[in-house]
Protein chains: 2
Amino acid sequence: MNYFLLGQSELFAGIEAGELDNLLDCLNPVKKTYQKGEYICRAGEPLRFMGFVLSGSVNIERNDAWGNQSLLGRVAAGEVFGETYACVPGEILMVDVAAVEPCEILFLDMGKLLTICSSACGFHNRLIQNLVRVMAAKNLNLSRKINDTAPKSIRGRLLSYLSYQVVKQGGYKFEIPFNRQQLADYLGVDRSAMSNELSKMQREGLIEYRRNWFWVKGE
Amino acid sequence: MNYFLLGQSELFAGIEAGELDNLLDCLNPVKKTYQKGEYICRAGEPLRFMGFVLSGSVNIERNDAWGNQSLLGRVAAGEVFGETYACVPGEILMVDVAAVEPCEILFLDMGKLLTICSSACGFHNRLIQNLVRVMAAKNLNLSRKINDTAPKSIRGRLLSYLSYQVVKQGGYKFEIPFNRQQLADYLGVDRSAMSNELSKMQREGLIEYRRNWFWVKGE
DNA sequence: TCATTTCCGTTGTTTTAACAACATACATTC
DNA sequence: GAATGTATGTTGTTAAAACAACGGAAATGA
């Protein structure tokens with residue numbers, strides 16, 4: 001097990017390496033590996049475990065009955081997915097989870113995780129607090145996506161997304177983690193129309209960009 | 001304090017009346033009252049406490065700089081709001097919280113809530129598990145809103161919303177909790193255009209409706 | 001019951017984004 | 001470095017939603 005990654009992760013933050021063994025014994029996780037492009041979970045299935053990405057990264061996607069795809073987010077190594085569904089018994093997955101690259105996933109039983117196991121593993125409490133923070137952060141990401149898609153115009157959505165990137169990345173020049181098609185999916189707009197709008201915004205001097213690098217011009 | 005409501009709520013579910021006193025002593029909550037239309041929290045503020053609605057109900061709204069309003073949801077008595085923000089120190093509110101009617105709010109300190117207080121209040125663990133489930137449920141609601149606004153067409157959004165109501169309310173005839181303007185805000189579309197689309201769908205025999213009552217016709 | 005207000009549906013116009021099709025730039029591989 | 005494939009940008013057309021304005025129905029309150 002990669003203890004360094006675990007220690008670095010949000011979920012296991014603040015738990016000492018010595019305690020991790022106890023904790024993992026208590027949680028009894030299952031490790032699985034996946035190929036690039038392989039589906040880890042499919043919409044419609046129930047989910048009893050939460051997933052912790054040990055290596056690689058996964059996409060959270062929604063593919064509706066008519067073939068429209070919407071990229072909801074990406075989960076990198078050290079991050080988790082499915083914790084929400086795993087908390088609500090009987091709830092079925094609304095999204096697909098797919099491996100972007102080869103990856104290893106650690107599946108954690110939510111029932112065991114939420115049950116304090118007497119004194120055997122002293123850091124169990126800490127784990128739960130971390131989980132709550134992780135869920136809160138994820139919640140905020142969802143809220144952010146809602147904000148970014150709330151404006152009716154493509155420009156409004158782009159400005160919402162880019163403004164937040166300025167704050168998040170702490171500067172007016174930054175790199176975004178999406179290509180055009182993915183950004184368009186995230187914002188719920190047509191790619192070419194979005195490219196068009198980006199061009200206009202650049203001509204008007206609002207922004208400059210080159211591939212994935214953006215420069216938002218002042219206030 | 002209304003112990004009956006507390007016992008009925010998700011957050012305090014499974015905690016006996018006798019234990020509630022200990023628990024509340026430990027949490028040391030603050031109670032405030034608000035008038036109809038009054039803002040309980042404003043976007044841009046940080047939030048150190050989570051809110052528990054003792055009576056009345058509140059709207060979660062987003063009002064952007066250009067005056068566009070988007071209704072994100074409603075929180076009724078016995079439900080909570082702001083728990084996400086309260087979990088992430090330094091995070092500022094992206095939304096406004098407004099009283100729909102006169103209401104009483106109990107503010108709970110998240111720091112105290114997440115810290116297990118030795119053996120004094122035995123149901124503290126239960127409270128935390130409840131909180132996690134509440135956050136998960138809220139998370140799913142956000143996901144649902146994202147799903148409902150993912151389709152590009154008004155009809156697609158309506159079908160997404162109505163299909164879920166069928167599942168949620170367990171039947172093809174149901175009442176929705178929004179008026180037309182609020183539903184349009186929730187779906188992120190124009191009210192009159194939505195009315196128009198509803199008419200079309202009724203003419204085509206997909207649905208029937210009368211005010212807030214809807215009847216979704218078959219599969 | 002009447003007056004007032006709020007809510008809902010309809011229509012026509014305008015704006016905007018989706019869509020399709022193509023051109024160009026970039027990256028990758030051999 | 002040539003060839004291929006992928007990503008991005010551009011343009012014109014079409015479809016759809018936003019918008020504005022209004023009429024009528026239903027709820028509300030005196």
Side-chain angles (χ1 to χ4, degrees), chain A residues 36-37 59 64 66-71 74 100-101 148-162 174-215, chain B residues 36-37 59 64 66-71 74 100-102 148-162 175-215:
Chain A
K36 172 179 178 176
N59 269 351
D64 71 19
W66 302 274
N68 300 312
Q69 185 174 97
S70 150
L71 176 64
R74 173 166 300 172
V100 181
E101 50 195 323
D148 288 341
T149 52
K152 293 203 194 354
S153 71
I154 293 180
R155 174 170 300 203
R157 296 185 185 192
L158 283 168
L159 287 175
S160 173
Y161 177 76
L162 294 173
F174 50 84
E175 192 177 9
I176 66 170
F178 295 134
N179 64 26
R180 293 291 183 276
Q181 184 60 60
Q182 290 171 324
L183 180 58
D185 286 345
Y186 173 79
L187 295 179
V189 299
D190 178 74
R191 180 197 60 78
S192 68
M194 187 188 74
S195 267
N196 197 329
E197 193 63 37
L198 281 171
S199 293
K200 277 192 212 165
M201 289 164 72
Q202 184 158 242
R203 277 199 296 279
E204 294 175 22
L206 280 172
I207 59 173
E208 280 186 26
Y209 61 91
R210 184 188 149 77
R211 303 292 272 195
N212 290 13
W213 283 94
F214 282 78
W215 177 18
Chain B
K36 172 178 178 177
N59 269 351
D64 71 19
W66 303 274
N68 300 312
Q69 185 173 96
S70 148
L71 176 65
R74 174 168 298 173
V100 181
E101 51 195 323
D148 288 341
T149 52
K152 292 201 193 3
S153 70
I154 293 180
R155 173 171 301 205
R157 296 185 185 192
L158 282 168
L159 287 174
S160 174
Y161 176 76
L162 293 173
E175 193 177 7
I176 66 171
F178 295 134
N179 65 27
R180 292 291 183 279
Q181 185 60 61
Q182 290 171 324
L183 180 58
D185 286 344
Y186 173 80
L187 295 179
V189 299
D190 178 74
R191 181 196 59 79
S192 68
M194 188 189 73
S195 267
N196 200 328
E197 192 64 38
L198 282 170
S199 292
K200 277 192 212 165
M201 290 164 73
Q202 183 158 241
R203 277 200 296 279
E204 294 174 22
L206 281 172
I207 58 173
E208 280 186 26
Y209 60 91
R210 185 187 148 75
R211 302 293 273 194
N212 289 14
W213 282 95
F214 283 78
W215 176 18

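Residue numbers start from 1 in every chain, and the chains themselves are labelled A, B, ... in the order their sequence lines are given, proteins ahead of strands.
As a whole-Å value, the separation of A:Q182 CD from D:dT6 P is 15 Å. Taking atom CZ on B:R155 and atom C1' on D:dA16, their separation rounds to 12 Å, with Å as the unit. Per the geometry, CD belonging to B:Q181 stands 13 Å off C1' belonging to D:dA18, to the nearest Å. Taking atom OH of residue B:Y209 and atom P of nucleotide D:dA26, one finds them 14 Å apart after rounding to whole Å. Separating the CD atom of A:Q202 from the P atom of D:dG9 is a distance of 8 Å, rounded to the nearest angstrom. Whole-Å rounding puts the A:I207 CD1 to D:dG9 C1' distance at 13 Å. The nearest whole Å value for the distance from the NZ atom in A:K152 to the P atom in D:dA16 is 18 Å. Taking atom CZ on A:R211 and atom P on D:dT8, their separation rounds to 5 Å, with Å as the unit.
One finds the CG atom of B:L206 at 10.0 Å from the CG atom of B:L162 (value rounded to the nearest 0.5 Å). Atom-to-atom distance recorded for A:Y161:OH and A:F214:CZ is 8.0 Å, nearest 0.5 angstrom.
Every side chain to side chain donor-acceptor pair (under 3.5 Å) that A:Q181 has, sequence neighbours left out, goes to A:D185. Not counting sequence neighbours, the partners of B:K200 by the side-chain contact (heavy atoms from CB on, under 4.5 Å) test are B:R155, B:N196, B:E197, B:R203, B:E204.
The nearest heavy atom of DNA chain C to B:R203 and to A:I154 marks one nucleotide each, and the one closer to the 5' end goes with B:R203.
Put simply, chain A comes within 4.0 Å of DNA chain C, heavy atom to any atom, from C:dA17 to C:dA27, going 5' to 3'.
Contact record, A:V100 with A:K36: O-CG, 3.4 Å, taken as the closest heavy-atom pair. Across A:D148 and A:Y186, no two heavy atoms sit closer than the pair OD2-OH, 2.8 Å. When every heavy atom of B:L187 is checked against every heavy atom of B:M194, the shortest pair comes out as CD1-SD, 4.3 Å. Counting all heavy atoms, side chain and backbone alike, A:D190 lies closest to B:K152 at N-CE, 4.3 Å. Nearest heavy-atom pair, B:R180 versus B:L198, reported as atom, atom and distance to 0.1 Å: NE-CD1, 3.7 Å.
Remark: A:S192, A:A193 in residues 191-198 of chain A come within less than 4.0 Å of DNA chain C through at least one heavy atom.
Within 4.0 Å of A:N179, counting heavy atoms only, lie sugar-phosphate atoms of the nucleic acid but no base atom.
Considering only side-chain N and O atoms, A:R180 lies under 4.0 angstrom from the phosphate OP1 or OP2 of D:dG9.
For residues 205-214 of chain B, every residue pair satisfying the side chain to side chain donor-acceptor pair (under 3.5 Å) rule, not counting sequence neighbours, is listed here: B:E208-B:K217.
A donor-acceptor pair is defined here as one N or O able to donate and one able to accept, closer than 3.5 Å; no such pair exists between the side chain of A:R74 and the backbone of A:N59.
Each end of the helix from C:dT1-D:dA30 to C:dC30-D:dG1 gets its own axis, taken as the rotation carrying the C1' atoms of four end pairs onto the next four within a five-pair window, and the two axes meet at 60° to the nearest 10 degrees.
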